[in-house]
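Take a look at the structure set out below.
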There are 2 protein chains.
Amino acid sequence: MLNSRTPSVKDVAAAAGVSLGTVSNVMNRPEVVSARTRERVERAMAELGFVRNESARQLRAGTSRTLAYVMLDGTNPFFHDVAQGIELAAEDADLSLFICNSNSRAEREEAHLDRLLQQRVQGILITPVNSEAPYLYDLTRRGVPLVIVDRRRDDESCCSVAVDDVHGGRVAIEHLVEQGHARVAFIGGPESIGQVRERLQGAREVWAELGLPADDLIFLPTDALTVAEGRSAGERLAGLPARRRPTAAFCANDLLALGLLQQGIGAGLRVPDDLAIVGFDDIEFAAAAAVPLTSVRQPRQELGRAAAQLVLDEATNPDHEHQQLFFTPELVARASSRAR
Amino acid sequence: MLNSRTPSVKDVAAAAGVSLGTVSNVMNRPEVVSARTRERVERAMAELGFVRNESARQLRAGTSRTLAYVMLDGTNPFFHDVAQGIELAAEDADLSLFICNSNSRAEREEAHLDRLLQQRVQGILITPVNSEAPYLYDLTRRGVPLVIVDRRRDDESCCSVAVDDVHGGRVAIEHLVEQGHARVAFIGGPESIGQVRERLQGAREVWAELGLPADDLIFLPTDALTVAEGRSAGERLAGLPARRRPTAAFCANDLLALGLLQQGIGAGLRVPDDLAIVGFDDIEFAAAAAVPLTSVRQPRQELGRAAAQLVLDEATNPDHEHQQLFFTPELVARASSRAR
DNA sequence: CTACGTTTGTGAAACATTTCAACCCCACGA
DNA sequence: TCGTGGGGTTGAAATGTTTCACAAACGTAG
């Protein structure tokens, strides 16, 4: 109040009648200072309302206490769950987490990374717009610990944490076939997204293995993985001639599935009787949908947690080796695909 | 690569054959340095891959370039939309945004604030667990710019940005009465949340003004504002004797409304014919629900943006005065409350 | 040719912390 | 008594910027 400047170690030292080195010791290695002086210093800190200046600490120590996650799409709850997992791991390691959102724009992504570099964050987790972007390789060259989340790189030039999307596609289709469906739509796109390709690939693989005619697995491409695109896919589905119309749809993510569900119910379809639906991700709202949504669950928090552990290993362990972690997704069956 | 240490201004200065003060000038006031040397310095920076050390900058300059938002509940998309608004304003002011999540736990909240204080952030935006918490008052006393978002304080001891919840309650009920409903449930809780109280108050006010019997506005309390609680409220609703059973429900937020909708549809109710539903917040998923949800829209991004502007004013304008901003929410009518 | 103003560049101080070699003091063993 | 060891504390250096008073260079007017 009276003294506007915020107190520094020097002020604390003066107030406690010790040297400033001792104050630092109280904070960083309390065991070397005698109980009596430690207490005195702590009292002085409390009285002055001392708060350690993190910039100065970081400048001298050379190491920051923050991690960063650059997420791809803030409107998709999936990424917030991943972030939550990272946050938990960061908390355990006594680190702060910077969350940025690129909104799927490479230019925002690059701006964020630049900022983070200036902050000298300990490590960066990212779900990139494009995992091959040159500025991502620059990071590695600079020695910044980097983990790619929910995407992969073909070469193994950095750590990554992802989910076996081919397998995810397989279990979704296996489930639908088990439920008696013989004509199924795959809804998703654009194909430039690796995940979409792989989920489709898994679907096709198992469809062929089961000896079903390729024509009866209908690919309905979309322009994005959003609720609106799901609705529009639903309209296209309804437009198909009855004998071609699938009895079930497997959507590349839950947002699409929710859009499809909404469009279907609005058009008077009964789900799952007229149309069974399976989504992907198992976001919170999947279970909360009007007809609870069957979905392929990704271990979202686990994904984040594991990624954080990898980045920490890279940051602290001198003989760290890059790893490509792979989680296996599993099907969560709910009403939207109940047996016919 | 070869030289592991990341280059500093000093290295750049040496490489460009100028003093380090000049390098600083190139970054901070390019107009005072001649075109020739500026270019030389810039080339040296690029060659060395120089990245300014933000801690050092901050230490010397005494001011950080970050804002922080401590959100209340990461599982509610509402807060992410608010954060998005803040982010946009921060971007305009060339600031970074730290996003923290207290998960409705005061202890996490306090830990986050402590961190942020150490980082010397320029200002803090927060949707607090409790706007009267003593540690929030401490912040103000310390002179940290603070804005309370989506909550208020009775005294006007800091800036806040909120929505007129009483009005929101009024328009929701007016709408339902217009649609011909004469027995309506208010679903929400706990009452310790100011918003819940005020939305209920608005509902009761207008109900009385319209001359409807108080008994026909039924208060169904919940333990939280979640989808699960919405479902359970739906069960309680179904348990009411038919002549007491309301024909419409006004939920204190969209998550409750979605839960209620799910339970209702599952139990075979037709929405809106058997039960009309109005939510609050108008989150993305409201429009995407099986029956698109009528909701009272809060200007979520605007809320964040305005809050950011207030905090910046407090941080930079010496004769800043605390303001309590108030937005007026508006009803967005959709299928879940279509005329009967 | 001098005095002066303007433009451009310099160098040292300052910011708040951590770290580390050095120092003091005291107890203890010889 | 002296020497030794060790617990506790100190003081100064170092971290990478920014800022600011000042110096150098260069025109230009008188």
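Naming convention: chains lettered A, B, ... in sequence-line order (proteins, then strands); numbering from 1 in each chain.
Per the geometry, CD belonging to A/Glu31 stands 15 Å off C1' belonging to D/dT9, to the nearest Å. The CZ-C1' distance, from B/Arg38 to C/dT8, rounds to 12 Å in whole Å. Atom CG of A/Asp11 and atom P of C/dC15 are 11 Å apart (whole Å). As a whole-Å value, the separation of A/Arg57 CZ from D/dA14 P is 20 Å. What separates CZ of B/Phe50 from C1' of D/dG16 is a distance of 8 Å, to the nearest Å. Taking atom CG of B/Leu20 as the reference point, atom C1' of C/dA14 lies 13 Å away to the nearest angstrom. Remark: C1' of D/dG16 and CE of B/Met27 are 9 Å apart, rounded to the nearest angstrom. Between B/Asn25 atom CG and C/dT7 atom P there is a gap of 15 Å when expressed in whole angstrom units.
Relative to the side chain of B/Val9, the nucleotides C/dT19, C/dT18, D/dT17 differ in distance, and D/dT17 lies closest. In the set C/dT19, C/dT17, D/dT9, the nucleotide with an atom closest to the side chain of A/Ser24 is C/dT19. Residue B/Asn53 has its side chain nearest to D/dT17 when only C/dT10, D/dT19, D/dT17 are considered. Residue A/Val18 places its side chain closer to D/dT10 than to any other of D/dT10, D/dT18, C/dT17.
Within the nucleic acid shown, B/Thr37 comes within 4.0 Å of sugar-phosphate atoms alone, with no base atom in reach, counting heavy atoms only. Within the nucleic acid shown, B/Ser34 comes within 4.0 Å of sugar-phosphate atoms alone, with no base atom in reach, counting heavy atoms only. Residue B/Thr22 is in base contact, counting any heavy-atom pair closer than 4.0 Å across all strands shown.
Residues B/Phe98 and A/Phe98 bring their aromatic ring centres within 6.0 Å.
Contact between the side-chain N/O atoms of B/Arg29 and the OP1/OP2 oxygens of D/dT18 is not found at any separation under 4.0 Å.
Atom CD of A/Glu284 has 12 or fewer heavy atoms from other residues, nucleotides or ligands within 6.0 Å.
The residue among B/Leu59 and B/Val33 whose nearest nucleotide of DNA chain C lies closer to the 5′ end is B/Val33. Nearest-nucleotide positions on DNA chain C place B/Arg36 closer to the 5' end than the other of B/Arg36 and A/Ala56.
The side-chain contact (heavy atoms from CB on, under 4.5 Å) test with A/Cys159 singles out one residue from A/Val311, A/Leu125, A/Val147, and that residue is A/Val147.
For the residue pair A/Ser160/A/Gln324, the side-chain donor-acceptor check at 3.5 Å is satisfied. Looking only at atom types and distance, the side chain of B/Gln58 has no donor-acceptor partner in the side chain of A/Asn53 under 3.5 Å away.
Counting atom types as modelled, A/Arg60 pairs no side-chain N or O with a base atom of D/dT15 as donor and acceptor under 3.5 Å.
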